[in-house]
Amino acid sequence: MEYNFRSIEQKWQQHWKDTNAYRVLNNSTKPKYYVLDMFPYPSGAGLHVGHPLGYIASDIFARFKRLKGFNVLHPMGYDAFGLPAEQYAIDHGVHPAVSTDHNIKNFRAQLDNIGFCFDWEREVRTSDAGYYKWTQWIFLQLFKSFYNRTSSKAESIDVLVASFEKEGNSVHPIPGAQYQLPGGGNTFTAAQWKAFDEFTQQSILMEYRLAFCGYGEVNWCEGLGTVLANDEVINGVSERGGFPVVKKKLRQWYLRITEYADRLLDGLQHVDFSDAMKEMQTNWIGKSYGAEIDFQVQGQSAGTNLRVYTTRPDTIFGVDFMVVAPEHELITTIASASQKQEVEDYIAYVKSRSERERMAEKKITGCFTGAYAVNPFNGKQIPIWISEYVLAGYGTGAIMAVPCGDERDFKFAQHFNIPITNIIGDAFNGEEANATKDAKLVNSDFLNGMVMRDAIGVVIGKLEEMGIGKRKVNYRMRDAAFSRQRYWGEPFPIKWINGIAYPLDEKELPLQLPHVEKYGPGPEGEGPLANIPEWTARHLETNTMPGYAGSSWYFLRYMDPHNDQAFCDRKVSDYWGQVDLYIGGTEHAVGHLLYSRLWTKVLFDLGHIGHDEPYKKLVNQGMIQGSSRFVYRVQGTTNKYVSYGLKDQYETNQLHVDVNIVDGVELDTEAFKKWRADYADAEFILEDGKYICGVEVEKMSKSKFNTVNPNDLVERYGADTFRMYEMFLGPVEQSKPWDTKGIEGVHRFLRKLWRLFFDEVKGAVWTNDKATDAELKVLHKTIRKIEDDTERFSFNTAVSAFMVCVNELGELKCSKKEILESLLILLTPYAPHVAEELWHELGNTGSVLDAAYPVFQEKYVVETTKEYPVSINGKLRTTMHIDLSAEQAAVEQLVLANEIVQKWVEGKPVKKFVFVKGKMVNVVV
RNA sequence: GCCCUGGUGGUGGAAUUGGUAGACACGCAGGACUUAAAAUCCUGUUCGCCGCAAACGCGAGUGCGGGUUCAAGUCCCGCCCGGGGCACCA
């Protein structure tokens with residue numbers, strides 16, 4: 001009887017399906033464990049061997065936890081809305097719903113092939129109305145909430161309104177500093193609030209809502225009648241058609257994620273993410289501590305101040321000029337008559353440049369306004385410049401420039417010949433800025449002699465005393481744009497009437513995405529929904545939600561996927577709680593992870609769930625790179641190819657060749673001729689009768705012909721081999737190249753395992769004999785190793801531990817049920833099909849999926865002697881078997897009597913004798 | 001430029017707390033079985049030196065240069081190279 005993996009795998013997959021082996025219940029006496037894979041987008045290209053890596057790892061872990069007695073939730077679903085499907089629809093005339101459905105079918109077939117233990121009854125798709133009903137519902141919660149800065153959490157907007165009616169906005173000032181009420185200013189009393197008309201009231205509330213609508217700058221292309229992404233704009237004109245593109249403020253939905261900046265930062269201390277991941281999120285949030293300082297502008301009325309943000313108030317005596325962003329509102333007020341034309345020209349120039357150009361070119365540009373600010377401490381006049389290196393959206397959109405301490409300021413000063421004041425003495429060399437905080441200040445009036453680090457607080461204190469500055473924390477993170485002018489996404493449950501956004505009643509959800517035939521943009525940068533008369537007649541919002549809407553909360557829906565009364569029953573989310581293990585790539589470091597953390601915090605604040613961090617532990621799987629193969633076409637010929645080893649004798653061109661027609665490095669020349677029509681009459685210059693290909697590691701991609709389809713490998717070696725090989729390749733977190741050839745080693749291992757049970761001629765060879773000490777030792781060593789390795793996600797070493805175990809049992813000629821049965825349970829997470837088959841062959845009737853995990857017993861692995869390495873002066877010279885209970889004195893005697901040791905010691909006195917019990921011996925002479 | 005990673009045989013990788021570097025595989029070489037091939041199995045395989053050869057032995061060796069230690073792939077200091085992220089954030 002031989003290892004017929006095809007029929008075995010088919011049989012058990014069918015059996016598990018028939019018996020609902022992977023169904024998970026929401027109530028259990030067992031402890032819970034939640035294993036989640038990052039939501040895949042079902043692309044039309046299908047899976048290559050790089051994709052399932054994380055799924056296999058999570059599957060192994062889920063099965064392991066199940067064997068260890070946990071109730072394990074391990075679901076899968078699809079992030080089905082999104083731009084690619086819509087783009088495909090536009091290009092091919094297939095409705096996104098149709099192509100998405102088709103892609104999901106293929107995706108599912110590929111997944112099933114690998115034998116995952118997903119509970120498919122819990123599958124979710126973000127594009128299903130039953131799902132996005134709740135995405136819309138959560139959006140409404142965001143819309144109807146504000147961030148209460150006094151309680152530091154989201155609360156109902158009703159709380160805010162009640163406060164307004166009682167005390168105006170004195171308790172809850174408007175979060176956006178720039179906002180101006182229709183009559184100017186940004187504070188109001190209770191009486192004023194009550195007197196505002198509805199439009200004004202709603203406009204004010206919009207300034208607080210966690211999901212809000214505002215105006216944002218976008219690239220508007222009149223010629224194409226649409227908004228363009230940054231990468232679709234080149235040199236100020238559209239990539240397609242060359243039409244001019246201008247920055248335009250357009251209505252957009254946003255999430256007020258900035259209010260959660262601190263909590264998102266703090267939360268990182270309570271989750272188990274890699275340092276790199278925490279670092280990326282921390283940088284993205286970009287918290288900085290500094291001060292806002294008001295500078296009087298010369299010749300302007302007392303109220304017209306230039307407010308700057310700086311993290312280095314200690315350098316205030318080194319300020320040689322001010323720089324404001326080109327968008328700064330004060331420019332028109334302060335620009336002098338003589339500079340007016342120059343300023344206008346400069347602003348026009350900046351407007352013509354896209355964000356991308358601005359960043360790519362990094363030219364030093366700028367323009368003097370003709371106005372001067374006054375240094376509040378010494379009355380010095382400071383010229384005010386405009387430059388695009390200062391960003392309107394950060395801080396106050398204006399800075400005080402200190403060229404001796406800031407590289408950008410230094411370069412600007414040099415470029416425009418602005419004299420530089422040195423306030424750090426020898427620490428400034430005149431060649432480049434020095435951003436130190438440890439220098440002693442000079443030329444700094446009352447700060448002279450003080451270390452900069454200490455001066456920061458002193459200056460802020462003084463500014464506050466004078467009433468012209470205050471401590472200020474800033475964040476780099478901006479509010480998240482939450483609308484797309486696209487079709488294939490969740491419609492917003494919002495109606496617009498007279499410029500006021502009204503939420504739909506929850507009973508009206510889901511607001512169904514209407515069917516359309518065309519996906520072209522609507523007028524004035526609106527989405528395709530604006531082209532549907534029935535839609536606009538209902539005054540419905542025409543934008544749709546972005547891709548990350550549905551994926552921000554899907555981990556909650558898996559818990560209770562069919563509930564049509566709530567997004568997830570509170571009792572159910574309390575039972576499952578956080579995702580215990582989340583596996584996925586690093587590409588979602590700041591997008592998806594930050595958004596889903598935000599949504600979780602809001603839902604927690606509003607009392608809908610009981611935890612405020614979605615993921616307890618995050619593991620990032622590495623990428624599997626492609627290993628490309630090349631053939632070398634001789635130059636001057638149309639179809640003559642020279643083998644790798646001989647190519648230096650010719651002038652050649654290197655061409656990618658499909659890795660699937662190469663065995664290791666040897667090209668299948670017949671397959672090559674059949675591969676593409678123009679290679680049909682190819683000729684080869686061989687070495688040793690073979691055509692050897694060149695090899696290079698590159699990204700795995702169709703265009704490089706280095707993709708490998710898991711289906712082909714499963715067909716040839718079986719799912720169990722494939723799963724184990726993906727793990728055997730190396731640590732999950734690490735990127736590594738794919739090498740199909742290596743899979744045979746894992747396949748051989750499974751056949752070796754099989755032969756412990758069955759002989760090709762004799763049939764079953766396993767016995768009920770009592771296991772020997774040596775056999776039990778092999779088994780228990782393996783139990784310990786597999787358990788440890790699996791717990792710490794070291795799946796590659798676990799696979800080799802299985803190999804070692806089977807090799808050793810083979811040497812011992814051990815085919816005893818007592819040993820093999822336990823081994824099968826250990827193997828179940830990794831190779832479930834063959835484990836289940838052999839489990840039944842041993843006479844078990846239940847499924848191995850629910851067997852009791854073997855318990856490691858120390859007594860079987862205790863050693864009495866150890867082969868000690870013996871070094872002389874740190875160099876290994878020999879090894880000696882010594883009783884483990886032996887103490888230093890006895891060992892010393894034994895070792896020094898050893899012939900080889902004596903030879904090396906050569907009668908010299910022993911200076912030191914190092915003995916670490918159970919480890920090693922070192923003789924120092 | 002800044003931050004985070006990593007660098008070990010021909011290849012993927014192992015060495016969990018400083019204690020026998022190269023586990024386990026791939027590849028390669030040789031052998032067995034076979035008319036032959038495939039499959040399978042066995043042996044060898046870090047490099048160098050000595051040697052007809054094997055055994056044994058010796059020397060070097062974890063990107064480079066220093067250091068700490070009885071002992072360093074592992075710890076410290078200074079470099080070099082690859083991968084990833086951020087990039088006018090004041």
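Just so it is clear, the model here is predicted, and its values are computed rather than measured. Each chain gets a letter, A, B and so on, in the order the sequences are listed, and its residues count up from 1.
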Expressed in angstrom and rounded to an integer, what is the separation of [X] atom [atom1] from [N] atom [atom2]?
X: Gln621(A); N: U5(B); atom1: CD; atom2: C1'; answer: 17 Å
X: Ile872(A); N: C70(B); atom1: CD1; atom2: P; answer: 17 Å
X: Arg478(A); N: C86(B); atom1: CZ; atom2: C1'; answer: 14 Å
X: Phe728(A); N: U11(B); atom1: CZ; atom2: C1'; answer: 12 Å
X: Leu306(A); N: A90(B); atom1: CG; atom2: P; answer: 18 Å
X: Glu733(A); N: G83(B); atom1: CD; atom2: P; answer: 21 Å
X: Met803(A); N: C26(B); atom1: CE; atom2: P; answer: 7 Å
X: Ile460(A); N: A90(B); atom1: CD1; atom2: C1'; answer: 14 Å

### Query
More 5' along RNA chain B: Asn807(A) or Ile900(A), using each one's nearest nucleotide?
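Between the two, 5'-proximity favours Asn807(A).
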Between the side chains of [X] and [Y], is a donor N or O closer than 3.5 angstrom to an acceptor N or O?
X: Tyr394(A); Y: Ser288(A); result: yes
X: Asp409(A); Y: Tyr389(A); result: yes
X: Thr365(A); Y: Glu388(A); result: yes

With sugar-phosphate meaning primed atoms plus P, OP1 and OP2, does [X] contact a base, only sugar-phosphate, or nothing at under 4.0 Å between heavy atoms?
X: Asp406(A); result: nothing
X: Val916(A); result: base
X: Glu407(A); result: nothing
X: Trp754(A); result: nothing
X: Lys785(A); result: base

### Query
When syn is taken as a glycosidic angle within 90 degrees of 0, is G9(B) syn or anti?
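This nucleotide is in syn.
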If I pick the [atom1] atom on [M] and the same atom on [N], what distance separates them, to the nearest angstrom?
N: U5(B); M: C75(B); atom1: P; value: 12 Å
N: G73(B); M: A14(B); atom1: C1'; value: 12 Å
N: C77(B); M: A25(B); atom1: P; value: 39 Å

Partner nucleotide of [N] by Watson-Crick or wobble geometry (both distances under 3.5 Å):
N: C26(B); value: G10(B)
N: G1(B); value: C86(B)
N: A38(B); value: none
N: A60(B); value: U46(B)
N: G51(B); value: none
N: C70(B); value: G19(B)

Is any NZ, NE, NH1 or NH2 atom of the basic residue among [X] and [Y] found under 4.0 Å from an Asp or Glu carboxylate oxygen of the other?
X: Asp262(A); Y: Lys287(A); value: yes
X: Glu863(A); Y: Lys777(A); value: yes
X: Glu696(A); Y: Arg629(A); value: no

From the list [options], which nucleotide is the closest neighbour of the side chain of [X]?
X: Thr879(A); options: U20(B), A90(B), C26(B); result: U20(B)
X: Lys875(A); options: U20(B), A60(B), G19(B); result: A60(B)
X: Lys736(A); options: U20(B), C41(B), G12(B); result: G12(B)
X: Val804(A); options: C24(B), A90(B), A15(B); result: C24(B)

### Task
Using side chain to side chain contact (heavy atoms under 4.5 Å, CB included) as the criterion, point out the one residue from Ile56(A), Asp739(A), Thr740(A) that pairs with Tyr725(A).
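Result: among Ile56(A), Asp739(A), Thr740(A), Asp739(A) is the only option passing the side chain to side chain contact (heavy atoms under 4.5 Å, CB included) with Tyr725(A).
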### Query
Can you find an N or O donor on one side and an acceptor on the other, under 3.5 Å apart, linking the side chain of Lys752(A) with the base of U40(B)?
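Checked by distance alone, the answer is no.
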### Query
Is any side-chain nitrogen or oxygen of Tyr389(A) closer than 4.0 Å to OP1 or OP2 of A90(B)?
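Looking at the OP1 and OP2 atoms of A90(B), neither is under 4.0 Å from any side-chain N or O of Tyr389(A).
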